[in-house]
Amino acid sequence: MSGQSIAPRVTKRMVSATGLASSMLVALICIGCGSKTEVEDHPGKAVYQRYCYACHQAGIADAPKLGDKDAWATRLTKSRAELLDNVIRGMAPGMPPRAGCGTCTDEELEAAVDFMVLRVQ
């Protein structure tokens with residue numbers, strides 16, 4: 001009989017421990033969110049360096065500089081889909097369609113946008 005009364009408490013403790021472990025895991029993962037290492041290893045970095053760097057590093061033709069929170073502020077009010085659409089279609093005065101990369105897939109361009117946004121946040 002005492003085994004039956006202990007089992008519910010053990011189960012509750014196990015659930016509590018599982019919940020705590022899950023919460024700790026999420027917290028540890030989020031500590032690294034947007035970290036320099038994560039950004040440096042980002043899959044969009046290579047596309048950025050090859051096709052976006054020249055304008056976004058110097059701010060040429062109204063391109064928001066990489067990491068410049070003020071320059072990116074109005075752009076960050078847009079959805080991710082809108083930002084990608086701007087890259088795909090191009091924008092006046094100097095953003096060429098598909099960022100000048102005729103061979104880049106939408107996913108590669110999206111990764112480059114994500115890389116740039118991470119550098120601002």
Side-chain angles (χ1 to χ4, degrees):
M1 184 138 259
S2 64
Q4 291 176 349
S5 63
I6 294 173
R9 282 188 269 161
V10 171
T11 303
K12 286 180 186 177
R13 285 184 188 149
M14 289 175 60
V15 170
S16 260
T18 303
L20 178 61
S22 296
S23 296
M24 289 175 62
L25 178 60
V26 168
L28 288 173
I29 290 169
C30 288
I31 286 171
C33 292
S35 70
K36 184 173 179 159
T37 302
E38 180 182 316
V39 172
E40 292 303 315
D41 295 338
H42 195 280
K45 184 178 179 182
V47 173
Y48 167 80
Q49 288 178 325
R50 182 146 187 202
Y51 297 100
C52 312
Y53 175 86
C55 294
H56 285 278
Q57 192 64 32
I60 295 172
D62 198 33
K65 290 182 180 182
L66 184 69
D68 183 339
K69 290 184 181 200
D70 292 334
W72 279 91
T74 57
R75 288 160 177 94
L76 293 178
T77 62
K78 297 178 179 183
S79 70
R80 188 172 183 231
E82 288 173 305
L83 290 173
L84 180 59
D85 188 58
N86 290 340
V87 172
I88 291 171
R89 294 175 186 247
M91 293 177 61
M95 176 71 167
R98 304 195 71 75
C101 178
T103 60
C104 288
T105 65
D106 289 356
E107 291 78 18
E108 289 170 322
L109 295 174
E110 187 173 29
V113 168
D114 289 344
F115 171 76
M116 289 190 278
V117 168
L118 276 173
R119 291 295 298 262
V120 178
Q121 296 177 334

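Please read these numbers as outputs of a predicted model, since none were measured by experiment. Only heavy atoms go into these numbers, but all of them, side chains included; no hydrogens, no water, no symmetry mates.
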Quiz item: Quick one: do the Gln57 and Tyr48 side chains pair a donor with an acceptor below 3.5 Å?
Solution: yes
Under a single-linkage definition using a 4.5 Å side-chain heavy-atom cutoff for Ile, Leu, Val, Met, Phe, Trp and Tyr, are [X] and [Y] assigned to the same hydrophobic cluster?
{"X": "Met116", "Y": "Met91", "answer": "yes"}
{"X": "Val120", "Y": "Tyr53", "answer": "yes"}
{"X": "Ile88", "Y": "Val117", "answer": "yes"}

Exercise. Run the salt-bridge test on Asp85 and Lys78 with the 4.0 Å N-O cut-off and return the result as yes or no.
Key: no
Quiz prompt | Cationic N near anionic O, under 4.0 Å, Arg80 to Glu110 | solution = yes
Using residues 61-73 as the side-chain source, report each donor-acceptor pair under 3.5 Å to any protein atom, sequence neighbours left out, with the distance given to one decimal.
from: Asp68; atom 1: OD1; to: Asp70; atom 2: N; distance (Å): 3.1
from: Asp68; atom 1: OD1; to: Ala71; atom 2: N; distance (Å): 3.1
from: Trp72; atom 1: NE1; to: Lys65; atom 2: O; distance (Å): 2.9

Quiz item: Between Val87 and Arg98, is a side chain to side chain contact (heavy atoms under 4.5 Å, CB included) present by the stated rule, with each step listed?
Solution: CA-CA 5 Å; Val87 172; Arg98 304 195 71 75; 5.8 Å; no
Exercise. Enter the distance from Thr77:OG1 to Arg75:CZ here, rounded to the nearest 0.5 Å.
Key: 10.0 Å
Exercise. Specify the closest pair of heavy atoms between Leu109 and Ala99, including all atoms of both residues, with the distance to one decimal.
Key: CD2-CB, 4.3 Å
Quiz item: Is there a disulfide bond (SG atoms under 2.5 Å apart) between Cys104 and Cys101 once you walk through the steps?
Solution: CA-CA 5 Å; Cys104 288; Cys101 178; 2.0 Å; yes
Quiz item: Is a donor on one side and an acceptor on the other found under 3.5 Å between the side chain of Glu108 and the backbone of Thr105?
Solution: yes
Quiz item: Are the side chains of Met95 and Arg89 in touch, meaning some heavy atoms are under 4.5 Å apart?
Solution: no
